[in-house]
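Each chain gets a letter, A, B and so on, in the order its sequence line appears, and its residues count up from 1. When reading the values below, keep in mind they use all heavy atoms of this one structure, side chains included, and skip hydrogens, waters and symmetry mates.
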Number of protein chains: 2
Amino acid sequence: MSAIHHPRHLSTSISSSTSAFLGQNNFNTRTQSVPLPVRNNGSCKCVATPSAEKTAYTTKVSRNANMAKLQAGYLFPEVARRKAAHILKYPDAEVISLGIGDTTEPIPEVITSAMAKRSNALSTVEGYSGYGAEQGEKVCLILFYKNSCQNPLLYRHVDSSSRSVQPLRAAIATAFYGHLGIEEDDIFVSDGAKSDISRLQVLFGSGVTMAVQDPSYPAYVDSSVIMGQTKQFQKDIEKYANIEYMSCTPENGFFPDLSKVSRTDIIFFCSPNNPTGSAASREQLTRLVQFAKDNGSIIVYDSAYALYISDDNPRSIFEIPGAKEVAIETSSFSKYAGFTGVRLGWTVVPKQLLYSDGFPVAKDFNRIVCTCFNGASNIAQSGALACVSPDGLKAIHEVIGFYKENADIIMDTFNSLGFNVYGGKNAPYVWVHFPGRSSWDVFSEILEKTHVVTTPGSGFGPGGEGFVRVSAFCHRSNVLEACRRFKQLYK
Amino acid sequence: MSAIHHPRHLSTSISSSTSAFLGQNNFNTRTQSVPLPVRNNGSCKCVATPSAEKTAYTTKVSRNANMAKLQAGYLFPEVARRKAAHILKYPDAEVISLGIGDTTEPIPEVITSAMAKRSNALSTVEGYSGYGAEQGEKVCLILFYKNSCQNPLLYRHVDSSSRSVQPLRAAIATAFYGHLGIEEDDIFVSDGAKSDISRLQVLFGSGVTMAVQDPSYPAYVDSSVIMGQTKQFQKDIEKYANIEYMSCTPENGFFPDLSKVSRTDIIFFCSPNNPTGSAASREQLTRLVQFAKDNGSIIVYDSAYALYISDDNPRSIFEIPGAKEVAIETSSFSKYAGFTGVRLGWTVVPKQLLYSDGFPVAKDFNRIVCTCFNGASNIAQSGALACVSPDGLKAIHEVIGFYKENADIIMDTFNSLGFNVYGGKNAPYVWVHFPGRSSWDVFSEILEKTHVVTTPGSGFGPGGEGFVRVSAFCHRSNVLEACRRFKQLYK
């Protein structure tokens with residue numbers, strides 16, 4: 001999505017054309033269209049309030065009680081809904097989005113050209129491929145067995161001196177974990193970290209207890225609620241019962257006081273953190289791994305922003321000795337290569353990670369991946385292979401560098417206005433403190449007076465109350481314009 | 001995968017290169033590689049038997065008991081494992097795969113070119129897009145709001161006389177359900193029907209009861225086991241307790257005797273059926289819908305093979321009056337456009353489908369899609385839009401016609417050999433009866449003596465025992481060669 005929006009409409013089909021099912025000679029897909037206001041888009045349906053309209057007939061199937069526990073909509077569709085309502089209210093306003101953290105810069109050509117070539121190859125006998133392995137496409141040794149080779153484009157980045165070619169699983173293991181002892185078969189390629197988080201919840205089942213940083217990316221808690229790991233939402237403290245919220249505040253440097261954290265089976269931990277933007281230090285992560293080991297817990301480590309780290313903080317939990325016995329890591333090309341729409345991520349489940357009965361977690365996760373998933377798009381996998389090629393990694397770091405400059409501009413702006421500002425240095429998110437104020441009030445004030453969309457901190461958990469997250473994912477001109485408006489509002 | 005395989009090896013990285021995380025100037029991804037036998041590929045890890053090797057440390061997290069209920073591996077990786085073992089045993093054999101039902105023919109150029117163009121566009125400011133709506137990409141009215149338009153390629157197939165453009169949700173509603181009253185917002189675009197089946201299981205939760213055709217596509221039962229809807233596997237009858245198996249045999253025309261079926265919350269029903277290849281008639285589906293209505297059940301109707309129907313049997317459950325109040329339909333471009341690797345499907349959840357408390361099922365499914373999924377690849381969505389363009393639909397029907405000719409050849413072969421053969425006419429699968437024999441024995445006999453991979457019927461449920469499924473997804477030359485070998489073996 002471009003960062004500046006003009007009012008737009010949706011169209012809905014009121015079609016009298018025959019279906020493609022009815023005879024194979026009628027392919028008419030023309031429709032008449034009726035414009036509808038944008039608020040009718042999918043996102044507002046995310047609000048899980050009981051439906052007004054009723055029909056005569058209802059099934060006898062009971063609604064999943066866990067779904068009913070969920071509060072309102074998933075955060076980002078709710079932000080999108082309020083943005084859409086604002087656009088309707090101010091049709092001429094130039095709305096700038098520093099909200100949902102969607103990437104805005106084009107994908108480097110070295111990567112898109114690999115995807116275009118793979119797309120075109122799929123129309124050829126030599127280049128066509130169907131189901132890949134669910135865990136990631138397989139390797140062929142073209143030099144040995146030309147005839148068995150399906151996807152010549154898989155090998156685009158392999159230098160000619162190499163005796164073999166790398167499939168994506170091995171390429172990711174090498175590029176991101178080369179020195180850490182993570183192997184090809186520890187890597188599970190997927191359509192993104194968000195999907196993997198919920199597949200991990202299905203893996204763990206409803207019987208586990210979990211801890212999350214507070215504040216944190218809402219998908220951890222919401223997927224836990226959906227799986228039935230929690231009890232009801234407690235409105236007074238804005239927390240779900242049976243989830244351990246690990247408070248992350250300026251006072252504790254956004255790293256939880258582990259002496260106050262109760263033992264849970266699963267610990268979700270995101271570093272650099274979304275939304276606070278803070279990256280945990282090697283010493284802190286060493287304590288986290290020891291804490292997990294002492295409790296026999298499994299850490300699910302979200303490293304989706306790891307390449308944004310400027311200093312020498314760890315990029316992977318597996319940089320911490322012993323982590324392979326206690327941690328899973330999930331990551332993604334979304335915020336590295338602008339793959340938010342292309343969809344390609346991965347999860348690392350080391351074979352050393354064992355359940356209490358000694359059964360390898362990876363074997364069950366592999367079964368989940370084989371049964372509930374059918375592999376990431378082969379075109380996206382070719383793009384990911386290009387991402388981890390030498391040229392691709394170089395291009396990725398340039399895009400990341402651009403967003404980090406945006407973050408600097410946003411931090412400088414709020415610093416100059418006297419705010420306490422956190423994050424930004426090792427992450428594309430700036431975490432601005434508005435002490436004593438409601439996050440949604442500040443969100444609305446900023447939107448109303450500057451037409452800039454941010455994200456209310458309280459949407460990431462009660463620990464985010466009083467903060468607003470400002471995203472650095474934006475065109476430069478819009479970041480500068482947004483900051484100009486911030487200075488007018490808060491000067 | 002091509003239908004003929006020569007022995008191949010996997011490579012594993014033993015890399016001393018530094019990680020991309022360690023400083024941004026080192027992008028070395030060269031590796032040494034050591035060949036490993038193909039049996040070490042991902043698929044054999046699908047077999048969920050306790051791990052032999054143990055290490056000193058285990059976590060205190062209990063293995064999900066539902067995962068432990070699963071029997072052996074998911075069927076198709078198991079077939080792939082036996083095929084790989086056969087290739088190792090007979091390195092010079094020309095193995096032909098009529099097994100896992102993977103498409104083999106190139107994707108029509110009209111579709112791949114749309115994906116290539118979308119890929120290239122992602123490297124431009126105008127053509128770039130990030131997160132789409134989770135339910136499917138949004139529409140822009142380019143004629144009205146050029147500036148707000150992100151993806152010019154979305155509009156490729158819209159004829160110039162149209163005042164507006166169709167997003168994929170509306171295009172699918174029009175192309176496949178144009179006359180059935182299914183609307184844009186009833187369609188949820190996804191990465192494939194297999195993923196949607198497990199998202200539907202997460203939606204329903206562990207508290208529901210379910211029925212399946214016996215035999216049927218294993219993902220229905222396995223995902224139900226994983227979600228905890230079933231009790232243990234009963235080895236004596238080869239069924240999971242708490243699942244209603246609806247027997248589908250030659251005697252009942254592969255349509256269950258509903259008078260013998262107990263009431264369940266959910267009824268999975270696939271037509272044309274995988275593996276039997278039989279399509280239910282309008283009269284049969286009318287009885288099924290009435291049965292669901294009488295019981296207050298929800299039908300999950302899998303129409304992934306609907307376009308293979310040659311006669312006037314329904315292509316969609318929504319052709320049956322009243323179905324919108326009792327049915328969900330899931331489908332995919334995998335077997336239509338060869339998208340098994342591209343990954344693009346959809347699920348229809350009509351707004352008329354209500355839980356017992358009147359709450360719309362679609363609202364909860366939308367929440368699942370927003371929380372556990374992040375949308376299908378934008379490149380694959382552009383391909384799907386091309387699929388439902390007039391030229392795309394024409395090309396799709398040509399590919400389907402080719403596979404149906406394969407099915408005719410396979411049917412004729414087994415008929416000429418005196419076998420009772422089912423399916424094939426309305427599906428890409430031929431269901432061959434070997435009365436009194438074990439499916440796995442027949443599978444092994446055919447593989448050992450003809451080097452042709454099939455799928456054992458018992459892998460689809462106890463009702464499949466004594467049958468073998470032969471897939472029509474294969475290059476023509478290989479189908480002819482396989483049939484020549486069948487005639488030698490069974491003459």
Side-chain angles (χ1 to χ4, degrees), chain A residues 6 8 11 13 15 17 19-21 24 27 33 42 45 57-61 63-64 67 74 102-103 106-107 109 112 115-116 119-120 122-123 128 130-131 133 135 148 164 170 174-175 178 194 198 205 222 265 296 315 325 340-341 343 354-355 364 366 370-372 374 377-378 390 393 397, chain B residues 6 8 11 13 15 17 19-21 24 27 33 42 45 57-61 63-64 67 74 102-103 106-107 109 112 115-116 119-120 122-123 128 130-131 133 135 148 164 170 174-175 178 194 198 205 222 265 296 315 325 340-341 343 354-355 364 366 370-372 374 377-378 390 393 397:
Chain A
H6 297 261
R8 59 175 79 166
S11 82
S13 298
S15 171
S17 71
S19 159
F21 288 145
Q24 309 192 355
F27 305 118
S33 294
K45 292 212 275 73
Y57 178 83
T58 64
T59 66
K60 294 191 178 70
V61 178
R63 183 185 180 200
N64 182 343
M67 295 302 299
Y74 184 71
D102 191 8
T103 47
I107 298 171
E109 196 274 344
T112 55
M115 295 193 288
S119 300
N120 284 323
L122 291 172
S123 67
Y128 179 74
Y131 292 121
Q135 310 86 352
S148 69
S164 72
T174 304
K194 190 180 179 188
S198 88
D222 285 5
D265 294 310
R315 270 76 164 165
E325 295 178 338
T340 44
R343 311 306 309 146
L354 306 176
Y355 286 119
D364 273 351
N366 190 80
C370 290
T371 308
C372 305
N374 228 335
S377 175
N378 47 17
L393 287 168
H397 282 297
Chain B
H6 297 262
R8 57 173 78 168
S11 82
S13 298
S15 171
S17 69
S19 159
F21 288 145
Q24 309 190 354
F27 305 119
S33 294
K45 293 212 274 70
Y57 178 84
T58 64
T59 66
K60 294 191 179 70
V61 178
R63 183 185 179 200
N64 182 343
M67 296 301 299
Y74 183 70
D102 192 8
T103 46
I107 299 172
E109 196 275 343
T112 56
M115 295 193 287
S119 300
N120 285 322
L122 291 172
S123 67
Y128 180 74
Y131 292 120
Q135 310 84 355
S148 70
S164 72
T174 304
K194 190 179 179 189
S198 87
D222 285 5
D265 293 311
R315 270 76 164 165
E325 294 178 341
T340 43
R343 310 304 313 145
L354 306 176
Y355 286 118
D364 274 350
N366 190 80
C370 290
T371 307
C372 305
N374 228 334
S377 175
N378 47 18
L393 287 169
H397 283 297

**Heavy-atom side-chain proximity of B:Arg343 to A:Tyr131 below 4.5 angstrom** = yes

**Item:** Closest heavy-atom pair and its distance - A:Ser377, B:Ser377
**Value:** CB-CB, 4.5 Å

**Message:** For B:Asn374 versus A:Lys194, what's the shortest heavy-atom pair and its separation?
**Reply:** ND2-CD, 3.2 Å

**Prompt:** Once you round to the nearest 0.5 Å, how far does CD of A:Glu109 lie from CG of B:Asn120?
**Reply:** 7.0 Å

**Message:** If I compare all heavy atoms of A:Ser119 with all of B:Ala116, which pair ends up nearest, and what's the gap?
**Reply:** CB-N, 3.6 Å

**Prompt:** Of the non-hydrogen atoms in A:Met115 and B:Leu122, which two are nearest, and what is the gap between them?
**Reply:** CE-CD1, 4.5 Å

**Complete:** Here the pair of heavy atoms bringing B:Thr112 nearest to A:Ser123 is OG1-CB, 3.3 Å

**Message:** At a 4.5 Å cut-off on heavy atoms, which part of B:Thr340 comes close to chain A: side chain, backbone, both, or neither?
**Reply:** both

**Test applied, side chain to side chain contact (heavy atoms under 4.5 Å, CB included); reference residue, B:Leu354; option that passes from A:Val61, A:Thr59, A:Thr58** = A:Thr58

